[in-house]
Amino acid sequence: EGSTSVPSGAAGRARRTVLASDPGTDRIALGVVTDNHDSWAKVWSGSAWGDAQVLSTTTGTSTGLAVAVAFEAVSGDLVAAYADDDNRVRYRTWTSAGGWTAEADVSDFGAKARSVVLFPDDDTDEMMVGAVDVNSGLNMSRWDGSTWWTDEILLEKDTAESENQPFIFLWDVVGLAPQPASSAIPLPVVGHTAAAWSDATDLGLADEFSCATTTSGKAYCWGRNEHGELGDGTMTQRTVPTRVVGSGGSATLDDVSVVGGGWNTHTCASVADREELWCWGRNNKGQLGDGTTTDSSSPVFSRGST
């Protein structure tokens, strides 16, 4: 058990809290609304809390969930959205290198927001924000990784709620049309840009997952991920190509020349010009070559003979 203090510039006891995890690292984000109508957020690095950011001292509610936090799936950057005591939902972003940005507006929602929720896409940096206002209206806007929609959408005029969350948003698979369970004819692979793949070079195939590299040296995998064989820092099955992260789940694996799947359990890739071999996935028999028998969902350096 531990604790974290209220940051300077905010006051009051926590009334509502929300957490978000970064799928590519050990980071966790915390958002808080206090009984003093203040809202604030901070990020856990995996071992310690970083500097807190006061989001608003005029949140407009002390009982509604007026703050939301979510990490972008690809970049790992954080978005914090929150209600202020006016007709706008505001936001800040956070990066591990630059910290918190200045406050900016999502859009004019037409009425004071009281409940704010972020819904990140698992495969891109996009996310949706939903906000219930004082008139019980449900408003939505989309974040594309850098900007919000110019105009929000009023999905429902009367949800019968003014501070709770009577809604949910689910992302479909980006750019992937419905496909049969199996096919006797070739089907196009949806690329990492959500269009048909056009810059793939080397291809590695296993029984239940696949990997490929691009002309720019990036590595992507998709399919079964029970042991972390996709190398994206998770054990979540992917139906579209997902970028392979870097060592320990930090950044990404770059300059990859060849990638190959090892049956159904692990994957290895060679790094151009450096004569390095990196592997990830199941390691119960030392398949990853790092001197351990510990599974890894992100690349580990495969040691050479000594």
Side-chain angles (χ1 to χ4, degrees), residues 1-14 16-34 38-56 65-82 90-104 116-127 129 143 145-146 218-219 225 228 230-236 242-254 278 280-281 283 288 290 292 294-301:
E1 181 179 356
S3 64
T4 181
S5 59
V6 176
S8 176
R13 298 179 179 178
R16 291 291 185 104
T17 60
V18 61
L19 289 171
S21 61
D22 179 7
T25 70
D26 290 335
R27 297 190 190 105
I28 297 174
L30 168 68
V32 177
V33 177
T34 76
D38 295 345
S39 58
W40 53 273
K42 62 171 55 177
V43 178
W44 173 261
S45 67
S47 59
W49 288 106
D51 294 336
Q53 174 64 54
V54 177
L55 301 175
S56 175
L65 187 57
V67 61
V69 288
F71 286 95
E72 294 177 344
V74 178
S75 72
D77 296 345
L78 176 71
V79 177
Y82 49 96
R90 291 190 162 90
Y91 79 100
R92 296 175 187 262
T93 61
W94 175 93
T95 67
S96 58
W100 292 95
T101 62
E103 181 180 70
V116 181
V117 184
L118 287 170
F119 302 97
D121 180 15
D122 288 340
D123 296 307
T124 72
D125 285 341
E126 293 184 280
M127 59 183 71
V129 64
W143 172 258
S146 59
K218 300 178 178 65
N225 198 22
L230 301 189
D232 66 347
T234 76
M235 293 185 181
T236 303
T242 303
R243 184 81 179 270
V244 176
V245 299
S247 176
S250 177
T252 53
L253 187 65
D254 295 315
W278 293 81
W280 56 93
N283 198 28
L288 304 188
D290 65 343
T292 76
T294 303
D295 293 356
S296 179
S297 59
S298 60
V300 296
F301 183 65

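All values below were derived from every heavy atom in this structure, side-chain atoms included, with hydrogens, water molecules and symmetry-related copies excluded. FYI, the numbering just counts along the sequence from 1.
Gly248 and Ser298 make their closest contact through N-OG, 3.4 Å (heavy atoms, listed as atom of the first residue, atom of the second, distance). Minimum heavy-atom separation, Ser39 to Val67: CB-CB, 4.5 Å. When all heavy atoms of Val300 and Ser296 are compared, the closest pair comes out as CG1-OG, 3.5 Å. A pairwise comparison of heavy atoms in Ala11 and Asp38 identifies N-OD2, 2.7 Å as the closest pair. Smallest separation of non-hydrogen atoms from Thr236 and Leu230: O-CD1, 4.0 Å. The two residues Ala70 and Ala20 come nearest to each other via the heavy atoms CA-CB, 4.0 Å.
Every residue meeting the side chain to side chain contact (heavy atoms under 4.5 Å, CB included) condition with Ala66, not counting sequence neighbours, appears here in chain and number order: Val33, Thr59, Thr61, Ala83. Residues satisfying the salt bridge (charged side-chain N to carboxylate O under 4.0 Å, His left out) test with Arg243, not counting sequence neighbours, are Asp254. With sequence neighbours excluded, the residues satisfying side chain to side chain contact (heavy atoms under 4.5 Å, CB included) with Leu78 are Ala29, Val43, Val69, Phe71, Trp94, Trp100. For Val74, the side chain to side chain contact (heavy atoms under 4.5 Å, CB included) criterion is met by Asp125, not counting sequence neighbours. For Thr4, the side chain to side chain contact (heavy atoms under 4.5 Å, CB included) criterion is met by Leu30, Trp40, Lys42, Trp49, not counting sequence neighbours.
Panel note: side chain Asp295, backbone Asn283; a donor-acceptor pair is recorded below 3.5 Å. Listed for the Thr95 side chain is no donor-acceptor partner under 3.5 Å among the backbone atoms of Asp77.
Between Trp278 and Val244, every side-chain heavy-atom pair lies at or beyond the 4.5 Å cut-off. Between Ser247 and Phe301, the closest side-chain pair of non-hydrogen atoms is not below 4.5 Å. Between Asn225 and Asp232 the shortest side-chain heavy-atom distance falls below 4.5 Å. Using a 4.5 Å heavy-atom cutoff, the side chains of Leu118 and Tyr91 are not in contact.
Of the inter-residue distances, the one linking Thr124 atom OG1 with Glu72 atom CD reads 8.5 Å to the nearest 0.5 angstrom.
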Legend entry - side-chain contact (heavy atoms from CB on, under 4.5 Å) between Leu55 and Arg92, intermediate numbers included: CA-CA 8 Å; Leu55 301 175; Arg92 296 175 187 262; 3.8 Å; yes
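Applying the salt bridge (charged side-chain N to carboxylate O under 4.0 Å, His left out) test to pairs two or more places apart or on separate chains, those with a residue in residues 18-30 are Asp22-Arg27.
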